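Worksheet for the structure shown next.
Keep in mind that what you see is a predicted model, and the values were worked out from it rather than measured. Chain letters run A, B, ... following the sequence lines, proteins first, then strands; residues in each count from 1.
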2 protein chains.
Amino acid sequence: MIHKQKVRRSTRQRRLILDAVKDSLNHPSASDIYATLADSGIGIATIYRQLSALVEDGEIGSFEYQGEVRYDPIVQPHAHIVCSKCDKIWDVALPKGINNLAPTNDSFENFDVDLTWKGVCNDCR
Amino acid sequence: MIHKQKVRRSTRQRRLILDAVKDSLNHPSASDIYATLADSGIGIATIYRQLSALVEDGEIGSFEYQGEVRYDPIVQPHAHIVCSKCDKIWDVALPKGINNLAPTNDSFENFDVDLTWKGVCNDCR
DNA sequence: ATCACTATTGATAATGAATATCATTATCTT
DNA sequence: AAGATAATGATATTCATTATCAATAGTGAT
Ligand SMILES: [Mn+2]
Ligand SMILES: [Mn+2]
Ligand SMILES: [Zn+2]
Ligand SMILES: [Zn+2]
């Protein structure tokens, strides 16, 4: 029983939004992307819809921070460092062997890890 | 230069809210606590205010999940397992030695780690 | 116990992120 | 080119959380 693949049309809006995330450096929110594409005329609803769709399709990553969803051009698993002063976010490699440290009881099947270190960055000290 | 301690009054509302979180088992949200204390007459604004204050005072923990803040009776650092189907959350010990795996560049001072494993629980399979 | 000071409360308005609605438009298949 | 329908954009709506402010109630001093 193969799950039917949802047909996704290639629209100008989808391409622009994907490119904006792929070119981003700061884990942008939906309104960040909206601002970046301000002169494209893309509506805010489309920004939200396509960002969700792109995550669902595995084209981009996402996580929530400070009450809003942030998007990530990197889809490979990785960890983040956040500064609690300026709220900047950096990418960092997952600790080697972290998957071996997963809680292995056979009543749970792990498939994803969300790891964030919180601290104060150099600029804020 | 000691930082002046903010004076915090002991009110009936604060005590009830703290007790509700301490007695909780399901990482409740603000509205969960509001529901639990429904017959106490405590206003929703007070629920939010005191939950924030209790976190600030280190009396309870908190983290965000699925677009809302969840509160935690356990203040000691620990990790969570969440089921992406039923959204239930379990406590789990932090992997031993996780702090040694922190990204150690001297331009960043780590003091907190947020670790969540996401998967599908037994009931949902 | 009473007083004065002010932190806290509760009702409610306001904010901000995200979703729902729906007529119109654009994409894809034939 | 035509038909089917996914996608869009304007906007209304939902939902969590915060702001406002007059009234209330802890607290420390008398
Ligand atoms: Mn990242
Ligand atoms: Mn917990
Ligand atoms: Zn910083
Ligand atoms: Zn489950």
Side-chain angles (χ1 to χ4, degrees), chain A residues 3-21 24 26-57 59-72 82 84 87 89, chain B residues 3-21 24 26-57 59-72 82 84 87 89:
Chain A
H3 204 285
K4 188 194 290 190
Q5 167 76 19
K6 175 170 290 190
V7 179
R8 202 76 87 175
R9 293 179 178 176
S10 174
T11 64
R12 169 183 148 267
Q13 291 84 345
R14 182 182 171 93
R15 287 188 298 273
L16 285 172
I17 292 168
L18 175 57
D19 289 350
V21 175
S24 73
N26 308 114
H27 300 88
S29 65
S31 61
D32 290 335
I33 297 295
Y34 184 60
T36 299
L37 300 177
D39 46 0
S40 71
I42 301 177
I44 186 66
T46 298
I47 299 285
Y48 278 102
R49 270 186 307 242
Q50 280 296 350
L51 285 171
S52 297
L54 289 165
V55 170
E56 192 180 311
D57 298 343
E59 302 267 13
I60 60 178
S62 75
F63 58 97
E64 50 179 317
Y65 180 58
Q66 300 274 301
E68 63 181 357
V69 176
R70 302 299 207 96
Y71 296 92
D72 199 321
V82 303
S84 55
D87 284 343
I89 305 173
Chain B
H3 203 286
K4 188 194 292 188
Q5 167 77 18
K6 175 170 290 190
V7 180
R8 200 76 86 177
R9 294 181 179 175
S10 174
T11 64
R12 169 183 148 267
Q13 290 86 343
R14 182 180 170 93
R15 288 188 296 273
L16 285 172
I17 293 167
L18 176 56
D19 288 349
V21 175
S24 73
N26 307 115
H27 300 88
S29 65
S31 61
D32 290 335
I33 296 295
Y34 183 58
T36 299
L37 300 177
D39 46 359
S40 71
I42 301 178
I44 186 65
T46 298
I47 299 285
Y48 277 102
R49 270 185 308 240
Q50 280 297 350
L51 285 171
S52 296
L54 288 165
V55 170
E56 192 179 311
D57 298 342
E59 302 267 14
I60 60 178
S62 75
F63 58 97
E64 51 180 315
Y65 180 60
Q66 300 275 300
E68 63 181 358
V69 177
R70 302 299 208 95
Y71 296 92
D72 199 323
V82 303
S84 55
D87 283 343
I89 305 173

query = Under 4.5 Å between any side-chain heavy atoms of A/Arg14 and A/Leu54, yes or no?
reply = yes
Is a side-chain donor or acceptor of [X] paired with a backbone partner of [Y] at a separation under 3.5 angstrom?
X	Y	value
A/Arg70	A/His27	yes
A/Gln50	A/Gln13	no
A/Glu64	B/Gln66	yes
A/Thr46	A/Ile42	no

It should be established whether [X] places a side-chain nitrogen or oxygen under 4.0 Å from OP1 or OP2 of nucleotide [N].
X	N	result
A/Gln13	D/dG9	yes
A/Gln66	C/dA17	no
B/Thr11	D/dG26	no

Spacing between [X] atom [atom1] and [N] atom [atom2], to the nearest angstrom:
X	N	atom1	atom2	value
A/Gln50	C/dT27	CD	P	12 Å
A/Tyr65	C/dA17	OH	P	15 Å
A/Arg8	D/dT5	CZ	P	17 Å
A/Ile17	D/dA7	CD1	C1'	11 Å
A/Ile47	C/dT19	CD1	P	14 Å
A/Tyr71	C/dA18	OH	C1'	9 Å
B/Tyr34	C/dT9	OH	P	14 Å
B/Arg14	D/dA25	CZ	P	19 Å

inquiry  = Closest approach to the side chain of A/Arg9, judged atom by atom: which nucleotide of D/dA6, D/dT17, C/dT9 is it?
reply    = D/dA6
task = Looking only at side-chain atoms of B/Glu68, point me to the closest of D/dT17, C/dG10, D/dA7.
result =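 Shortest atom-to-atom distance from the side chain points to D/dT17.
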request  = Specify the residue among B/Arg12 and B/Arg70 whose closest nucleotide of DNA chain D lies further upstream toward the 5′ end.
outcome  =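 The residue whose closest nucleotide sits nearer the 5' end is B/Arg70.
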Enumerate all atom pairs, one protein N or O and one N or O from nucleotides 18-23 of chain D, separated by less than 3.5 Å.
none

inquiry  = I'd like to know if the side chain of A/Tyr65 pairs up with that of A/Asp87 as donor and acceptor (distance under 3.5 Å, no hydrogens or angles considered).
reply    = yes
ask   = Can a salt bridge be assigned to the pair A/Arg8 and A/Glu59 using a cut-off of 4.0 Å between side-chain N and carboxylate O?
value =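 Salt bridge absent between A/Arg8 and A/Glu59.
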query = What nucleic acid atoms does A/Ser10 come within less than 4.0 Å of, heavy atoms only: base, sugar-phosphate, or nothing?
reply =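 Counting heavy atoms under 4.0 Å across all strands, the contact made by A/Ser10 is with sugar-phosphate only.
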